[in-house]
Amino acid sequence: MVTALLDGLVTMIVYLYDLTEMILKAFRDSFLVIREGARPVLSVYLRQVYFTGLEAVKIVISTALIIGTVVITQIVSIAGTGSESLTGKVLVWIVVRELGPLLTAIIVVARSGTAIAAELSQMKIGGEIESLALLGIPPEKYLILPRIFGVATAVVVLTIYFEIGAVLGSFLVASFGWHVPWEQYSQGVFAVLTIWELALSLLKSLLFGLFIGAICCRQGLSVGKSVTQIPQAATKAVMQSLFLLFIIDGIISLFFLIR
Amino acid sequence: MDAIVFDQVRGGEVLEEVTLSVPQGSRAAVIASRQEECDLLLRIMLGLAAPDSGTVTVLGQEVGILSEKALNHLRREVAVVQSSGGLVSNLKVWENLVLPLEYHSKLSAPDIEERGTAALQDVGYTGRLMELPAHLSVYQKRQIGLARAIITDPPLAVYQGIFSGLSGSERNALVAAINRFNRRNPERTALFLSTDEAALKDLDINLRISVKGSSAHD
């Protein structure tokens with residue numbers, strides 16, 4: 001039992017190391033791409049931002065408004081009206097620290113993680129990766145790099161939208177339900193919303209985005225020759241991304257938030 | 001000088017010992033008995049697969065000892081027209097056509113557009129440019145693959161089984177376009193990999209080589 005756990009732990013560490021190396025290579029390659037391949041790589045990057053980011057705006061903002069409503073209702077039901085300082089604190093803790101980056105990343109995994117893994121695996125099985133290599137175009141620069149950075153950009157921007165949406169959603173409920181004026185509400189929120197809180201939230205979302213991109217690309221390119229491996233790769237990409245999101249979230253919370 | 005040299009190359013259970021050389025500027029046909037052999041020859045030639053033994057030299061460079069960067073540089077010098085067209089499924093026809101120029105060259109957009117348009121006229125492509133490859137016929141995919149080779153103007157062009165499954169008129173049009181392309185630069189070496197020698201008739205071929213597959217599969 002202990003040996004199996006240790007084995008699992010070692011495998012996970014090795015896997016995390018591989019993913020980190022993949023992300024670092026993408027950063028190194030980005031300097032090389034400036035000299036060669038900038039135009040097509042930028043085009044793939046923008047396409048990825050469009051599909052992962054822009055097309056998910058509606059679902060992210062809707063979710064954020066609902067989450068904001070739920071959170072403010074819960075806080076008021078516990079603390080009552082007139083405790084704006086506590087309301088602000090809890091809202092920032094829950095939405096900005098945790099739910100914003102995490103829920104946004106989960107939405108991205110569900111929408112785009114599967115798409116990336118399926119697309120790349122289909123390209124590999126169809127011999128397109130090899131066709132690119134025959135053109136002298138390294139797949140890691142043309143396919144992986146823009147996807148990793150595209151997903152990371154999308155997650156960071158969507159997280160900002162999510163947090164704004166959740167705070168506005170909660171204000172709307174507070175305003176209509178309990179007649180809380182904007183000045184009073186915003187004082188409570190902005191008193192605890194520091195640069196530190198925002199920076200941590202963005203750091204989380206950036207790491208989430210980078211690792212989601214890396215995992216989905218890795219799973220997509222890990223297929224062999226059978227098309228039955230495409231859905232398997234997509235499922236693995238989603239499950240591993242979700243698992244890693246919680247691990248990263250836990251690690252960041254442990255390191256930065258216990259002060 | 002030879003453009004391609006295979007020196008005692010063996011490839012697992014697919015290829016028996018292959019020794020061949022293709023002089024620069026020649027138009028050579030390499031006839032294999034199975035498609036697998038053609039595929040493996042191409043993959044070994046461009047460093048996508050390593051031979052069990054022997055050495056391969058392409059355009060004066062020994063493939064087996066090249067770094068990944070040098071290999072990519074070599075691959076840019078070799079245009080491969082594949083039977084599938086070798087197109088990327090999520091790029092439109094035009095994007096597929098100009099991809100190597102967009103990636104490797106510093107040409108301006110109007111220059112790339114001019115070259116791309118000329119290449120499409122060369123191969124007689126009349127389909128839509130903003131179509132995804134999935135909507136193209138096999139012939140159209142090969143036309144785009146050939147046009148992509150034309151715009152890169154490579155010193156070595158490799159054609160892999162590109163005449164199978166075409167109608168007579170389509171085949172003739174493709175043969176004419178290939179002959180025009182190869183004659184345009186006498187220094188350019190052309191290599192036709194095929195399992196069917198008859199499919200290569202009417203092409204300006206001046207060298208014919210047969211390779212034998214491994215007996216393990218015969």
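The sequence lines fix the lettering, A, B, ..., with proteins before strands; numbering per chain opens at 1. Excluded from the calculations below are hydrogen atoms, water molecules and symmetry mates; all remaining heavy atoms, backbone and side chain alike, are included.
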Output yes when a side-chain donor or acceptor of A:E128 lies under 3.5 Å from a complementary backbone atom of B:S89, and no otherwise.
yes
Note: vs chain B, highest number of non-hydrogen pairs under 4.5 angstrom among A:G127, A:P138, A:A38 is A:P138
Greatest number of heavy atom pairs closer than 4.5 Å to chain A - which of B:T152, B:L74, B:V158, B:L91:
B:L91
Need one label for B:V80: side chain, backbone, both or neither, based on atoms under 4.5 Å from any heavy atom in chain A.
side chain
If you look at every heavy atom in B:V88 and A:M123, which pair is closest and at what distance?
CG1-CE, 3.6 Å
When B:G86, B:A79, B:G47, B:P100 are compared by non-hydrogen pairs under 4.5 Å with chain A, the top option:
B:G86
In terms of heavy-atom proximity below 4.5 Å to chain A, should B:E95 be classed as side chain, backbone, both, or neither?
side chain
Answer yes or no: are there more than 12 heavy-atom neighbours, outside A:M239 itself, under 6.0 Å from its atom CE?
no
More than 12 heavy atoms from other groups under 6.0 Å of CZ on A:F243:
no
B:K69 NZ to A:L32 CG distance, which is reported to the nearest 0.5 Å
7.5 Å
B:L87 versus chain A, heavy atoms under 4.5 Å apart: side chain, backbone, both or neither?
backbone
What part of A:R35 is in contact with chain B, defined as an atom under 4.5 angstrom from a non-hydrogen atom: side chain, backbone, both or neither?
backbone
Where do B:N90 and A:R47 come nearest, in terms of heavy atoms and distance?
O-NH1, 3.3 Å
Could you tell me which residues in residues 122-130 of chain B have at least one non-hydrogen atom under 4.5 Å from a non-hydrogen atom of chain A, sorted by residue number?
none
Taking atom CG of A:L132 and atom CZ of B:R75, what is their separation to the nearest 0.5 Å?
11.0 Å
At a heavy-atom separation under 4.5 Å, does A:V41 approach chain B through its side chain, its backbone, both, or neither?
side chain
For B:E114, does the CD atom have more than 12 heavy-atom neighbours from other residues, nucleotides or ligands under 6.0 Å away?
no
Given a strict heavy-atom distance threshold of 4.5 Å, which part of B:V98 is in contact with chain A: side chain, backbone, both, or neither?
neither
Chain B heavy atoms under 4.5 Å from A:I129: which part of the residue, side chain, backbone, both or neither?
neither
For B:H104 and A:I137, the nearest pair of non-hydrogen atoms, with its separation, is NE2-CG1, 3.8 Å
Reported CG-to-OG distance for the pair B:L99 and A:S131, which is rounded to 0.5 angstrom
11.0 Å
For A:A133 versus B:N72, what's the shortest heavy-atom pair and its separation?
O-OD1, 4.5 Å
Take B:D39 and A:E130 through the test side chain to side chain contact (heavy atoms under 4.5 Å, CB included) and record every step on the way to the result.
CA-CA 12 Å; B:D39 294 346; A:E130 209 161 275; over 6 Å; no
Looking only at B:R43, B:E77, B:K106, the option with the highest number of non-hydrogen pairs under 4.5 Å against chain A is B:R43
If you take all heavy atoms of A:K141 and B:Y103, which pair is closest and at what distance?
CB-OH, 3.6 Å
Under a 4.5 Å heavy-atom cut-off, does chain A meet the side chain of B:Q82, its backbone, both or neither?
side chain
More than 12 foreign heavy atoms under 6.0 Å from NE2 of B:H73: is that the case here?
no
Heavy-atom pair with the smallest gap, counting every atom of B:R76 and A:L135
CG-O, 3.9 Å
